[in-house]
Amino acid sequence: MYTFLLALIYIAFISLGLPDSLLGAGWPVMHEELGVPIPYMGIVSMTISACTIVSSLFSDKLTRKFKTRTVTVVSVFLTAVALLGFSFANAFWMLIVIAVPYGLGAGAIDAALNNYVALHYKAKHMSWLHCFWGVGTIISPFVMSYALTTSVWNNGYRIVGFIQLGIGLLLLVTLPVWKANKALSEEKQKSVGIFGALKIKGVPFLLVGFFAYCAAEATAMGWASTYFVEVKNVSPERAAQFASLFFIGITAGRFVGGFVSDNLGDRNMIVCGTCILSCGIALLLLPVNGALPIAAFIVIGFGCGPIYPCIIHSTPFNFGAENSGAVIGIQMASAYVGSTFMPPLFGLLGNAVGFEIMPLYLAFFVILMIVMTETTFKTTKKARQEAENKAE
């Protein structure tokens, strides 16, 4: 039962990743058929992100009231309905309306499952959980490519929507399996709330660090193709293929990380990932074309791999299991703020001074991330020692 439940959670995280790369893959055709400029994709993605932030902030209350399994099932069905809604959209305003339930569902399932795995499973399972998110992001572009080749973009959303619906039905009929983990009752967890969580020592540092990491990850993810075209003089077609290497790198990093994370620990994994990520950024700084910048994005993705899951998994250890639900909820919100607003800022800077500033932009957020996460670990360690001294 324990292993079967873990497999179901992995499948649920594939469902979280499936839609994430679908919009970008289909937008070059979608914007023409809907009669809107290319930048309008940002309106759709920001609507999704705004709703995701809202549901992340309230995920702790929802989880305690309805339990993780219920929140997960409802959220998957909500995203499935939204994806099927996208498949029937024939006007841009319809995308905006449908983006609301999609964002609400994605944020709730993200925070709820991250907290559940952090509480009940080892670090390796958290790493592999996010590896399966990467699997979802890799599958969707191929689905959209098939739809564009054989029919229309709407069918790409329809196919993924039915896959999502199937995952929702699987989770629904296997609800009793969630009883396998009884070590920590969600109903008995202490609710500190959003503002209470912000007052916990170390939480503000963690939020800044997580914001910075997600800003770097989303910038590399979203602007890799443009970087190859504008800086390395690669054709748009080849650049799109090269950009996918970042997803392969991050997925591979999380898969490999799962084998060593239990032995090294979350903090050491974050440091190791940062070192590898920094090496990738250093490769981008070299004024050469060819294979080196391609390898750089693979290395950057590989280094990013363990950082996100290890930051999440360390939350109960740093702040206590009773506070993890609230803290992870606002962590998710800070993550989406970073991934939503910092890549567009890079786009503005790139247009103004040149896209060759990408390595420096990434380096700024990576440095901020490692400084803030290290400060978090030091602060919480000191707080635990003080609590132990008082208890004695």
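In this model, no donor atom of one side chain and acceptor atom of the other lie less than 3.5 Å apart for N154 and S87. No side-chain donor-acceptor contact under 3.5 Å links S339 and E217. In summary, the side chains of N155 and Y146 do not present any donor paired with an acceptor at a separation below 3.5 Å, with no hydrogens or angles considered. At a cut-off of 3.5 Å, with distance as the only test, no side-chain donor of Y121 or H313 sits close to an acceptor on the other residue.
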| request: Apply side-chain contact (heavy atoms from CB on, under 4.5 Å) to W93 and I98, showing your working. | output: CA-CA 9 Å; W93 66 266; I98 301 165; over 6 Å; no

| request: Kindly determine whether T52 and I48 satisfy side-chain contact (heavy atoms from CB on, under 4.5 Å), including the steps that lead there. | output: CA-CA 6 Å; T52 302; I48 293 171; 4.0 Å; yes

| task | Evaluate the criterion side-chain contact (heavy atoms from CB on, under 4.5 Å) for residue pair M332 and L57; output intermediate values, then yes/no. | result | CA-CA 8 Å; M332 293 294 102; L57 291 173; over 6 Å; no

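With sequence neighbours excluded, no residue forms a side-chain contact (heavy atoms from CB on, under 4.5 Å) with V81. For K378, the salt bridge (Lys or Arg N to Asp or Glu O under 4.0 Å) criterion is met by no residue, not counting sequence neighbours. Listed by chain and residue number, K201 satisfy the salt bridge (Lys or Arg N to Asp or Glu O under 4.0 Å) test with E386 (two or more places apart in sequence, or in another chain). Listed by chain and number, the residues in a side chain to side chain donor-acceptor pair (under 3.5 Å) with E374 are R267 (sequence neighbours excluded). Partners of F13 by ring pair (Phe, Tyr, Trp, His ring centres under 6.0 Å), not counting sequence neighbours, listed by chain and number: H130. Partners of T380 under the side chain to side chain donor-acceptor pair (under 3.5 Å) rule, at least two apart in sequence or in another chain, are N318.
Between F346 and W223, the ring planes lie perpendicular to each other; the angle is over 60°, past the 30° to 60° tilted range. Using the six-membered ring where Trp is involved, Y213 and F210 have ring planes that are parallel, under 30° apart on the 30 and 60° scheme. Using cut-offs of 30° and 60° on the angle between ring planes, the pair F228 and F297 is tilted. Relative ring orientation between F86 and Y102 is described as perpendicular, the plane-to-plane angle rising above 60° on a 0-90° scale split at 30° and 60°.
Taking hydrophobic clusters as Ile, Leu, Val, Met, Phe, Trp and Tyr residues chained together by side-chain heavy-atom distances below 4.5 Å, I96 shares a cluster with M41. Side-chain heavy atoms closer than 4.5 Å link hydrophobic residues (I, L, V, M, F, W, Y) into clusters, and following such links, possibly through other members, connects L165 to L16. L84 and V74 are members of different hydrophobic clusters when ILVMFWY side chains are connected at heavy-atom separations under 4.5 Å. A continuous path of Ile, Leu, Val, Met, Phe, Trp and Tyr side chains, each step under 4.5 Å between heavy atoms, connects V160 with F162, placing both in one hydrophobic cluster. Taking hydrophobic clusters as Ile, Leu, Val, Met, Phe, Trp and Tyr residues chained together by side-chain heavy-atom distances below 4.5 Å, M221 shares a cluster with F142.
Atom CD1 of I367 and atom CE of M372 lie 12.0 Å apart (nearest 0.5 Å). One distance of note links CD1 of I270 with CD1 of I370; it measures 7.0 Å at 0.5 Å rounding. To the nearest 0.5 angstrom, M358 atom CE is 12.0 Å from L285 atom CG. Here the CD1-NE2 distance, from I9 to H125, works out to 10.0 Å after rounding to the nearest 0.5 Å. T72 OG1 to L8 CG: the interatomic distance, rounded to the nearest 0.5 Å, is 10.5 Å. Atom CD1 of I159 sits about 12.0 Å away from atom CG of L83, to the nearest 0.5 Å.
Between D266 and I312 there is no side-chain heavy-atom pair separated by less than 4.5 Å. Here the side chains of I109 and V71 are not in contact, with every heavy-atom distance at 4.5 Å or above. Under the 4.5 Å side-chain criterion, counting only non-hydrogen atoms from C-beta, L206 is not in contact with T379. Residues L104 and T79 form no side-chain contact, since every pair of their non-hydrogen atoms from C-beta on lies 4.5 Å or further apart. F211 is listed as a side-chain neighbour of F365, based on a closest heavy-atom distance under 4.5 Å. In this structure the side chain of L169 reaches within 4.5 angstrom of the side chain of F77, judged on heavy atoms. The shortest distance between side-chain heavy atoms of L95 and M30 falls below 4.5 Å. Using a 4.5 Å cut-off on side-chain heavy atoms (C-beta onward), Q164 and P19 make contact.
Although no hydrogens or angles enter the test, the distance criterion places no donor-acceptor pair under 3.5 Å between the side chain of S127 and the main chain of K124. Judged by distance alone, the side chain of S15 and the main-chain N or O of A12 form a donor-acceptor pair under 3.5 Å. Judged purely by atom type and a 3.5 angstrom limit, N114 uses its side chain to pair as donor or acceptor with the backbone of D110. Counting only distance, with no hydrogens or angles, the side chain of N323 and the backbone of F319 share a donor-acceptor pair below 3.5 Å. Looking at S55, its side chain never comes within 3.5 Å of a backbone N or O of G105 through a donor-acceptor pair. In this structure, T340 contributes its side chain and V337 its backbone to no donor-acceptor pair below 3.5 Å. The main-chain N or O of G329 is never found under 3.5 Å from a side-chain atom of D60 such that the two would form a donor-acceptor pair.
Residues A333 and S56 share a closest heavy-atom pair of N-CB, 3.9 Å. The minimum heavy-atom distance between T251 and G134, with the atom names listed, is OG1-CA, 3.4 Å. Residues I357 and G350 approach most closely at CD1-N, 4.4 Å, considering heavy atoms. Of all non-hydrogen atoms in L283 and A296, the two that sit nearest each other are CB-CB, 3.7 Å.
Taking the ring axis of F132 as reference, the NZ or CZ atom of R254 does not stay both within 45° of it and closer than 6.0 Å to the ring centre.
Residues Y116 and W178 place their aromatic rings such that the two centres sit under 6.0 Å apart.
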